[in-house]
Amino acid sequence: MAEVIWTNAAKNDYWKNIEYLQSEWTLQEVYNFIDKTDALILLLLKQNLVFKPTDYKDVFHVPVTKQITLYYRILENYNIELLRFWNTYQNPKKLKL
């Protein structure tokens, strides 16, 4: 079975989003974000789905929530590399993958 590989940028983005939700929203919003992320990762692993392509080679993106987009790539061995959890309110020109 394929594995999920988290880049350092993806880990940092993920935890920053959780910290933001903890400070500005309710615990339920934190759980919702975690649940949606987990469900999306499982979907990517089990369904062999490919979401919307980006301008980067072999990189795709899919919304986790209205404000957060997951950028990922499928590696040659079918492992999934999570690249970024990008807040859509940020300047898209600052996105580095």
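When a residue number appears, it is its place in the shown sequence, counting from 1. Keep in mind the model is a prediction, meaning the values are calculated, not measured.
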Same cluster for [X] and [Y] if Ile/Leu/Val/Met/Phe/Trp/Tyr side chains link at under 4.5 Å?
X	Y	result
Y20	I18	yes
L40	F33	yes
I41	V30	yes

Which value, rounded to the nearest 0.5 Å, describes the distance between [X] atom [atom1] and [Y] atom [atom2]?
X	Y	atom1	atom2	result
K96	L83	NZ	CG	14.5 Å
I68	K36	CD1	NZ	11.0 Å
K57	R73	NZ	CZ	9.5 Å

task = Identify which one of L82, I34, V64 satisfies the side chain to side chain contact (heavy atoms under 4.5 Å, CB included) criterion when paired with Y14.
result =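 Only one of L82, I34, V64 forms a side chain to side chain contact (heavy atoms under 4.5 Å, CB included) with Y14, namely I34.
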request  = Please determine which of V50, D58, N79, L44 meets the side chain to side chain contact (heavy atoms under 4.5 Å, CB included) test together with I74.
outcome  =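 The option that passes is V50.
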inquiry  = The test is side chain to side chain contact (heavy atoms under 4.5 Å, CB included); show your working for Y31 and T26 and say whether it passes.
reply    = CA-CA 9 Å; Y31 292 145; T26 67; over 6 Å; no
Assert yes or no for the condition that the ring centre distance of [X] to [Y] is strictly below 6.0 Å.
X	Y	answer
F85	W15	no
F60	F51	no
Y56	Y71	no

query = Any donor-acceptor pair under 3.5 Å linking the side chain of T88 with the backbone of Q67?
reply =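 Yes, because the side chain of T88 sits within donor-acceptor range (under 3.5 Å) of the backbone of Q67.
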ask   = When you measure from the side chain of T69 to the backbone N and O of H61, does any donor-acceptor pair fall under 3.5 Å?
value =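 Flag not set: sc T69 to bb H61 has no pair under 3.5 Å.
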ask   = Heavy atoms, side chains only, cut-off 4.5 Å: are E81 and T7 in contact?
value =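 Side chain of E81 against side chain of T7, heavy atoms only: contact under 4.5 Å found.
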message = Any carboxylate oxygen within less than 4.0 angstrom of a Lys/Arg side-chain nitrogen, looking at D13 and R84?
response =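 Salt bridge between D13 and R84, a charged N being under 4.0 Å from a carboxylate O: yes.
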query = What residues join I5 in its hydrophobic cluster, counting side-chain heavy atom gaps under 4.5 Å, either direct or through other members?
reply =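 Grouped by the 4.5 Å side-chain rule, L75 form the rest of the cluster around I5.
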